[in-house]
Each structure stands twice: as structure tokens, then as C-alpha cells.
Amino acid sequence: MEQNQTIKEMILEDLKTCETIWNAYSHDWEKLSDLFFRLLHRYDDKIEGFDEGLCVIQEQEASAESAAICRQNIKTLTKRLKAFLANNCSNEGLTEYYINQEQSNIDFHADFTSVRLSLGMLSLAPQETEEIMEKLGAMEEICAQVVPRSKKWDALREYLIWLSGKSAEIAMLILPLFFRINDKTTTRNVL
């Protein structure tokens with residue numbers, strides 16, 4: 001119990017540090033990479049699955065894209081720290097807790113506007129955001145066509161293949177949009 005209290009205090013302190021650095025240096029590659037590696041080295045052997053599924057960071061290359069990757073990784077690690085706290089600082093049942101949290105976050109009734117907003121909240125590289133928004137626009141046009149569902153599906157297949165190369169977080173936001181081919185009318189929102 002004493003060890004759990006110690007790790008709990010350590011996590012709470014690190015979460016405060018994360019918030020402070022995030023608010024002050026959210027685009028500073030050096031500060032973010034220092035924070036990322038500190039969290040990774042501190043908890044990797046203490047929290048089950050702590051380092052799984054993180055994006056690779058090239059330490060030698062300080063760029064806006066590297067900072068975006070670092071932000072995404074830090075966001076993932078802070079979620080895992082909070083999940084570990086919520087699981088009473090125990091690895092017992094932690095994987096199931098992660099899975100339950102992920103399952104509850106999928107919006108099967110998502111529309112293109114809500115997905116765009118959700119994607120805008122992620123810390124993605126500008127090039128990736130632009131690519132995704134372009135693909136969403138094309139998908140929305142296909143879904144808005146007044147044609148049989150089978151024809152829409154034929155046109156959407158290439159986007160499903162494209163989506164398979166994206167992270168699970170991005171894929172889970174976009175996948176429900178494929179069900180929009182069932183809509184009787186999907187109107188295209190022109191900005």
C-alpha cells in the first residue's frame with residue numbers, strides 16, 4: 001500500500017508538470033521531448049503497456065512535425081497515467097480498463113462535421129491534418145451522391161485502404177463515416 005501511495009503521489013506530481021509544460025511549451029520540441037522521455041523512462045517498467053503503440057520520434061530532428069508527434073505521445077502517456085490512477089495504481093485488469101475506455105469513445109452516429117472537429121482537437125502534423133481533411137471532403141461528396149449504396153461503396157473502397165495506414169485513434173474517428181452510405185440523404189456542408 002505504501003508503494004502505491006508513493007507512485008500515486010509521483011503520478012499526480014508528473015501530471016501537474018505535464019500540464020505546466022504543455023501550457024507553456026506546447027510547440028517546443030526540446031521541452032516536449034524531454035518530458036516525453038522522462039515519462040517513458042519513469043513509468044515504462046511500472047505500468048503495463050505504457051509504451052505500446054507510441055509514434056517513433058527522431059531525436060536528431062527538431063521540427064514542427066516532431067513536436068506534433070511528441071504532443072501526441074505525451075497525450076497518450078498522460079491518458080495512461082490517469083487510467084493507472086483510476087485503476088487504483090494497479091496493473092491488475094489495466095488492459096481491460098484501456099479496452100473499455102476505448103470502446104466507449106467510438107461514436108457510431110458521427111457525421112463529417114463532428115469528425116472534422118474531433119480531428120482538429122488531435123495533435124497532428126499539419127501535413128497529416130491537410131491530407132485527412134482532403135480525404136474527408138472527397139468521402140463526403142461520395143456519400144452525398146444520389147446513387148445506389150453499392151456504387152457509393154465502390155467509390156469509398158480506396159479510402160478504407162488509405163485509412164488502414166492511419167493510427168487506431170484516427171481510424172476509430174473516421175470508420176463510422178463509412179456507414180453514411182446508408183443515409184437517404186447526406187448533405188455536403190460547404191464552408
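Because the structure is predicted, anything quoted here is derived from the model rather than measured. The first residue in the sequence is number 1, and the count goes up from there.
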Is there a side-chain contact between [X] and [Y], using heavy atoms and a 4.5 Å cut-off?
| X | Y | value |
| --- | --- | --- |
| Leu175 | Leu160 | yes |
| Leu32 | Tyr25 | no |
| Ile181 | Ile142 | no |
| Arg71 | Phe36 | no |
| Met133 | Leu136 | yes |
| Ile21 | Asp28 | no |

Taking the side chain from [X] and the backbone from [Y], do they hold a donor-acceptor pair closer than 3.5 Å?
| X | Y | value |
| --- | --- | --- |
| Arg180 | Ala110 | yes |
| Asn91 | Ile47 | no |
| Lys152 | Gln145 | yes |
| Asn88 | Ser90 | no |

* Given Phe178 and Met139, is the side-chain contact (heavy atoms from CB on, under 4.5 Å) satisfied, shown in steps? -> CA-CA 8 Å; Phe178 285 90; Met139 289 171 61; 3.8 Å; yes
* Report the residues that fulfil ring-ring contact (aromatic ring centres under 6.0 Å, His included) with Phe50, sequence neighbours left out, ordered by chain and then residue number. => Tyr43
* Which residues pass the ring-ring contact (aromatic ring centres under 6.0 Å, His included) test with Tyr159, sequence neighbours left out? ->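 For Tyr159 there are no ring-ring contact (aromatic ring centres under 6.0 Å, His included) partners, ignoring immediate neighbours.
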According to side chain to side chain contact (heavy atoms under 4.5 Å, CB included), who are the partners of [X], at least two apart in sequence or on a separate chain?
| X | value |
| --- | --- |
| Gln127 | Glu65, Ala125 |
| Leu15 | Ile11, Thr78, Leu81, Lys82, Leu85 |
| Thr20 | none |

Which side-chain N or O atoms in residues 161-170 pair as donor and acceptor under 3.5 Å with protein atoms at least two apart or in another chain?
| residue | atom | partner | partner atom | Å |
| --- | --- | --- | --- | --- |
| Trp162 | NE1 | Glu131 | OE2 | 2.7 |
| Ser164 | OG | Ile161 | O | 2.5 |
| Lys166 | NZ | Glu131 | OE1 | 2.9 |
| Ser167 | OG | Ile170 | N | 3.3 |

* Asked: For atom NZ of Lys31, is the number of surrounding heavy atoms from other residues, nucleotides or ligands below 6.0 Å larger than 12?
  -> no
* Structure fact -> Minimal heavy-atom distance between Leu173 and Val115, with the atoms involved, is O-CG2, 3.4 Å
* Structure fact -> Between Cys143 and Leu177 the two heavy atoms that sit nearest each other are SG-O, 4.3 Å
* Between CG of Leu54 and CG of Leu40, what distance do you get to the nearest 0.5 Å? -> 6.5 Å
* Asked: Just how far is it from atom CD of Glu30 to atom SG of Cys70, taken to the nearest 0.5 Å?
  ->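 Going from the CD atom of Glu30 to the SG atom of Cys70 covers 11.0 Å.
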* Structure fact -> So salt bridge (Lys or Arg N to Asp or Glu O under 4.0 Å) across residues 34-47, not counting sequence neighbours, yields Asp14-Arg42
* Asked: For Asp51, which residues count as a salt bridge (Lys or Arg N to Asp or Glu O under 4.0 Å) partner, sequence neighbours excluded?
  -> none
* Can Leu156 be reached from Val147 by stepping across I, L, V, M, F, W or Y side chains whose heavy atoms are under 4.5 Å apart? -> no
* With hydrophobic residues grouped by side-chain heavy-atom distances under 4.5 Å, do Leu35 and Leu12 end up in a single group? ->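 Same cluster: Leu35 reaches Leu12 through Ile, Leu, Val, Met, Phe, Trp or Tyr contacts under 4.5 Å.
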* Asked: In terms of side-chain geometry, is the basic nitrogen of Glu140 or Arg116 positioned less than 4.0 Å from the acidic oxygen of its partner?
  -> yes
* Return the set of residues passing side-chain hydrogen bond (donor to acceptor under 3.5 Å, both in side chains) with Arg149 (not counting sequence neighbours), or none when no residue passes. =>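 Testing Arg149 for side-chain hydrogen bond (donor to acceptor under 3.5 Å, both in side chains), a comparison that skips the adjacent residues, returns Asn182.
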* Non-neighbouring partners of Ser114 that pass side-chain hydrogen bond (donor to acceptor under 3.5 Å, both in side chains), sequence neighbours left out -> Asp111
